[in-house]
**Student:** 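Starting off with a structure, shown below.
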Amino acid sequence: MDHHPGRGRLVSAGASSSEPLAGGRSHMCGSVRADDEGSAVVLAGWVSRKRDHGGVVFLDLRDREGSVQVVAHPEDAPGPHAVASEVKPESVVRVEGRVRRRPEGTVNPALPTGEVEVAAIAIEVLTESETPPFPVEDGVDVEEVLRLRYRYLDLRRPEMTEVMRLRHRVVGAMRRFFDERGFVDVETPMLTKSTPEGARDYLVPSRLQPGKVYALPQSPQMFKQLLMVAGFDRYYQIVRCLRDEDLRADRHWEFTQLDMEMSFPTERDVQDLIEAMFVRVWRELLEVELTTPFPRLTYEESMARYGSDKPDARYGMELADLTEAFRGSGLRAFAHVVENGGLVKGFAAPGAAGWSRKDLDALVQEATSRGAAGLVWLAYQRSDVKSPVISHLSPDELGAVASATGAGDGDLVLLVADQPSRVAVALDGLRRLMASRLGLIPQGQWSFLWVTDMPLFDWGEEDHAWVPNHHPFTAPASDDLNPETAKARAYDITLNGFELGSGSIRIHRAEVQRKMFDLLGLTPEQAEEKFGFLIRAFRYGVPPHGGIAVGVDRIVMLLAGTDNIRDVIAFPKTASGVEPLTGAPSEPSQEQLDMLRMRFR
RNA sequence: GGUCCGGUGGUGUAGCCUGGUCUAACACGCCGCCCUGUCAAGGCGGAGAUCGCCGGUUCAAAUCCGGUCCGGACCGCCA
């Protein structure tokens, strides 16, 4: 959290409640103001800094609301002065004193409490602190594991405290929003059966049913559908979900989603509601008025123009398709790809024509590390075009490249030729990289986008079978159930290039569901074994229904202006699944294993 | 599972490519002394790392090589 790339100005949290403060405190440190001049105050907090002038000693006393300067003069307050000059940073002290305006010329306008100070009458050290392993202050540059091992110190830093409270307020705004609209918060089980999301499950062995396991929920998907069968009409929950997959900067295996489901909706009903929720959250947290409706992009269009199903539309550099221009090209590598059904695509990066060989090599490296066979670059300088493959390119091809990408003087064109999925992955990565390197990402812009008409199926390379793109209860958009072409009544919501959530209208007709299972290669017996309880429920009158699940961590991450999801989780794990603070996971005791009748291999 | 980057006093970095002058440098922090208005207080002095771990090459390794552990980003995976 050294910088806040996309951060808007956060609206500050409301004043604390009128509840009396615990422990006889009169004020929170950070909330002392000039209005309190002359008041006797009792404060308690952490010593964040000490300035000892030999005579007068200043302590900055910090609590979650901020810090305030405490002064102890040797003449006026010999007792407090003696304590203050000995106390170590991060010790917890209780201060009795009187608020006064600072003397002329010593006001610090940079601090909310900078007009005042507290003249100490008594200082008591409640607990002493050892020297902390890293400075407890904003803007620290410390190895992340160390921050996680001492997370309580890390969270003590004002910027982290602020993020956690931001998260609290986001969740609060969501709850109020859904509550006002008659949505009922229903809790669903944590120890349950495998859900149909397709990720690896976390399993919990059963003590009472030896040899059997519960799965931790990947989402409450089937339960919320059952609640629709139960007639709840509108359900929501802010719920922890778990998926045992490898981590990314924006992905954690223990995450929180805003889960909702409603009866009788159209896609539009769900989308309008979620848009209204985002409007509400952005208004409350940032005082930003989002424009609705959010733009829509079909999945196909998104992949074509951005190479991604979560496009960042805040900047241009859209992808151009040059496949036909390179059919039979003298650039054999490209021609070969085209002959074999691959694509040639690329885009123009404005003003990057002068990049050094080293920078260009780094781009090639970026492309190949994303699985592309290679990267061809063309630098447009004045009327000249430089490229390692320039001798293989015909004037027609050069013309096609320039017109399709819009490349002009000073631009750098990046071309990738490969199978469609690799072209997409490589160019998506390059586009994001170039946008960031060239400073093309506008700050303070919130580019929400719905991606619609998702495919109903994906080809599962590992299973050699069609797998649901969303999950097997997603309703098809039409009678077309051809796995190659079928579209789903599914939609994703994205923000600034991050996927925030995805949802769908569900199947409520038994024969459609049967066909779906059939296409997925599930025999009626297998379907019964996995989802029998849901199928049975649907025999007793199921309303048409649909919903969405939105990732709370990612929303908070974007609001907080960080690109690291761990920054918005109080106690996160590292990429190898270790929680540095507690040391989890740990080995079970023999007694625990015996009780579960388990043995480790 | 794969690719890439990193691991040097409490913290953050330099040094590593071009082995020896590194008995490892700098900043912050810490300790001591001085200092009565600062707010990254200031001044002076001091302690503190054998360079993630193991092994190898070499007369000599923080520096080269191999392995390994840990962390991070990305691909695969995952919505």
Side-chain angles (χ1 to χ4, degrees), chain A residues 2 48-60 67-76 81 85 88-89 102-111 113-114 117 130-150 197-200 218-219 221 241-253 255 257 309-310 362 365-372 421-422 425-426 428-429 432-433 451 454 458 460-462 467-471 474 490-494 498-504 548-551 554 563-564 566 574-576 578 580:
Chain A
D2 305 320
S48 68
R49 245 192 189 95
K50 179 168 78 172
R51 291 177 294 282
D52 185 344
H53 289 245
V56 65
V57 174
F58 300 98
L59 296 182
D60 289 336
S67 13
V68 68
Q69 172 166 283
V70 174
V71 198
H73 275 277
E75 297 86 9
D76 308 345
H81 175 266
S85 53
K88 292 190 56 171
R102 294 191 183 187
E104 196 69 26
T106 64
V107 166
N108 186 343
L111 305 175
T113 60
E117 62 189 8
E130 291 181 15
T131 302
F134 55 84
V136 180
E137 62 191 27
D138 284 350
V140 293
D141 181 17
V142 185
E143 215 180 309
E144 200 179 355
V145 232
L146 195 68
R147 287 173 55 199
L148 297 183
R149 188 172 308 136
Y150 296 92
E197 272 72 25
R200 265 185 293 274
Q218 294 183 31
S219 89
Q221 181 59 38
C241 302
L242 299 108
R243 295 177 190 170
D244 186 5
E245 295 295 343
D246 288 358
L247 275 61
R248 286 286 187 285
D250 66 346
R251 209 160 80 189
H252 208 248
W253 3 335
F255 63 101
Q257 66 183 35
D309 58 358
K310 42 180 197 291
Q365 163 67 26
E366 173 75 11
T368 53
S369 79
R370 286 171 175 272
S421 63
R422 286 189 176 176
V425 169
D428 176 36
R432 288 170 196 262
L433 179 71
V451 178
M454 312 288 290
D458 283 332
E461 290 292 346
E462 285 185 13
V467 296
N469 175 276
H470 190 54
H471 56 57
T474 302
Y491 33 83
D492 281 4
I493 184 156
T494 71
F498 288 88
E499 183 197 313
L500 248 36
S502 88
S504 66
I548 194 167
V550 179
R554 280 192 194 156
D563 49 14
N564 179 353
R566 282 169 251 115
T574 66
S576 58
V578 172

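Quick note on labels: first sequence line is chain A, next is B, and so on, each numbered from 1. What you see is a predicted model; the values in this text were computed from it and never measured.
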**Student:** Backbone N or O of A:Asp246 within a donor-acceptor pair of the A:Arg251 side chain at under 3.5 Å?
**Tutor:** yes
**Student:** Between the main-chain N or O of A:Asp244 and the side-chain N or O of A:Arg200, is there a donor-acceptor pair closer than 3.5 Å?
**Tutor:** yes
**Student:** Whole angstroms only, please: what is the CG-C1' distance between A:Asp141 and B:rG6?
**Tutor:**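 Nearest whole value for this atom pair: 13 Å.
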**Student:** Which part of the nucleic acid does A:Pro133 contact within heavy-atom distance under 4.0 Å: base, sugar-phosphate only, or nothing?
**Tutor:**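 Answer is sugar-phosphate: A:Pro133 comes under 4.0 Å of backbone atoms only.
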**Student:** Please give the nucleotide sitting opposite B:rA25 as a Watson-Crick or G-U wobble pair, both distances under 3.5 Å, or none.
**Tutor:** B:rU13
**Student:** Looking at A:Leu59, is its backbone amide N or carbonyl O close enough to the side chain of A:Arg49 to form a donor-acceptor pair, meaning the two atoms are under 3.5 Å apart?
**Tutor:** no
**Student:** Can you tell me how far C1' in B:rG45 sits from the matching atom in B:rC54, rounded to whole Å?
**Tutor:** 41 Å
**Student:** Taking NZ, NE, NH1 and NH2 as the nitrogens, is one of them in A:Arg147 or A:Glu143 under 4.0 Å from a carboxylate oxygen of the other?
**Tutor:**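 Salt bridge flag = no for A:Glu143 with A:Arg147.
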**Student:** Please report, rounded to the nearest Å, how far the C1' atom of B:rG10 is from the CZ atom of A:Phe134.
**Tutor:** 12 Å
**Student:** Measuring only the C1' atom in each nucleotide, how far is B:rC35 from B:rG72? A whole number of Å is fine.
**Tutor:**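 After rounding to an integer number of Å, I get 45 Å for this pair.
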**Student:** How many Å lie between CZ on A:Phe58 and P on B:rG42, as a whole number?
**Tutor:**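 Atom CZ in A:Phe58 sits about 14 Å away from atom P in B:rG42.
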**Student:** Between atom CG in A:Leu146 and atom C1' in B:rC28, what is the gap in whole Å?
**Tutor:** 15 Å
**Student:** Short question: side chain of A:Lys50, backbone of A:Ser85 - any donor-acceptor pair under 3.5 Å?
**Tutor:**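 Present.
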**Student:** How long is the span from the CG atom in A:Asp141 to the CZ atom in A:Phe134, to the nearest 0.5 Å?
**Tutor:** 12.0 Å
**Student:** Partner of B:rC31 by Watson-Crick or G-U wobble geometry, both contacts under 3.5 Å, or none?
**Tutor:**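 For B:rC31, the partner nucleotide comes out as B:rG45, under the 3.5 Å rule.
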**Student:** Pick the nucleotide of RNA chain B nearest each of A:Pro135 and A:Gln69; which residue has the one closer to the 5' end?
**Tutor:** A:Pro135
**Student:** A:Asp52 CG to B:rG42 C1': how many Å, rounded?
**Tutor:** 12 Å
**Student:** Can a side chain N or O of A:His53 be found less than 4.0 Å away from OP1 or OP2 on B:rG37?
**Tutor:** yes
**Student:** Hey, does the side chain of A:Arg554 reach the backbone of A:Leu500 with a donor-acceptor pair shorter than 3.5 angstrom?
**Tutor:**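 No; judged by distance alone, with no hydrogens or angles, the pair does not exist.
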**Student:** Rounded to whole Å, how long is the line connecting atom CG of A:Asp138 with atom P of B:rC39?
**Tutor:** 19 Å
**Student:** Could you run through nucleotides 69-79 of chain B and give me one letter per nucleotide, 5' to 3': B if any protein heavy atom sits under 4.0 Å from the base, S if only the sugar-phosphate is that close, - if neither?
**Tutor:** --SSSSBBBBB
**Student:** Give A:Arg102 one of three labels, base, sugar-phosphate or nothing, depending on what nucleic acid heavy atoms sit under 4.0 Å from its own.
**Tutor:** base
**Student:** Can you tell me the base-pairing partner of B:rC4? Count Watson-Crick or G-U wobble geometry only, both distances below 3.5 Å, and say none if there is no partner.
**Tutor:** B:rG72
**Student:** Which value, in whole Å, describes the distance between the P atoms of nucleotides B:rU18 and B:rU3?
**Tutor:** 24 Å
**Student:** How long is the line joining CG of A:Asp76 and P of B:rG37, in whole Å?
**Tutor:** 14 Å
**Student:** For a quick check, tell me whether the side chain of A:His73 and the base of B:rG37 share a donor-acceptor pair closer than 3.5 Å.
**Tutor:**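 Yes, a donor-acceptor pair under 3.5 Å.
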**Student:** Taking the C1' atom in each of B:rC16 and B:rU63, what is the distance between them to the nearest angstrom?
**Tutor:** 4 Å
**Student:** In the structure shown, which nucleotide is the Watson-Crick or G-U wobble counterpart of B:rG37, with both distances under 3.5 Å?
**Tutor:** none
**Student:** Would you say A:Arg51 reaches B:rU38's phosphate, i.e. side-chain N/O to OP1/OP2 under 4.0 Å?
**Tutor:**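 No, because none of the side-chain N or O atoms of A:Arg51 sits under 4.0 Å from OP1 or OP2 of B:rU38.
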**Student:** Show the numbers, then the answer: is there a side-chain contact (heavy atoms from CB on, under 4.5 Å) between A:His73 and A:His81?
**Tutor:** CA-CA 6 Å; A:His73 275 277; A:His81 175 266; over 6 Å; no
**Student:** Given atom CD of A:Glu137 and atom C1' of B:rA41, what is their separation to the nearest angstrom?
**Tutor:**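 These atoms are roughly 15 Å apart.
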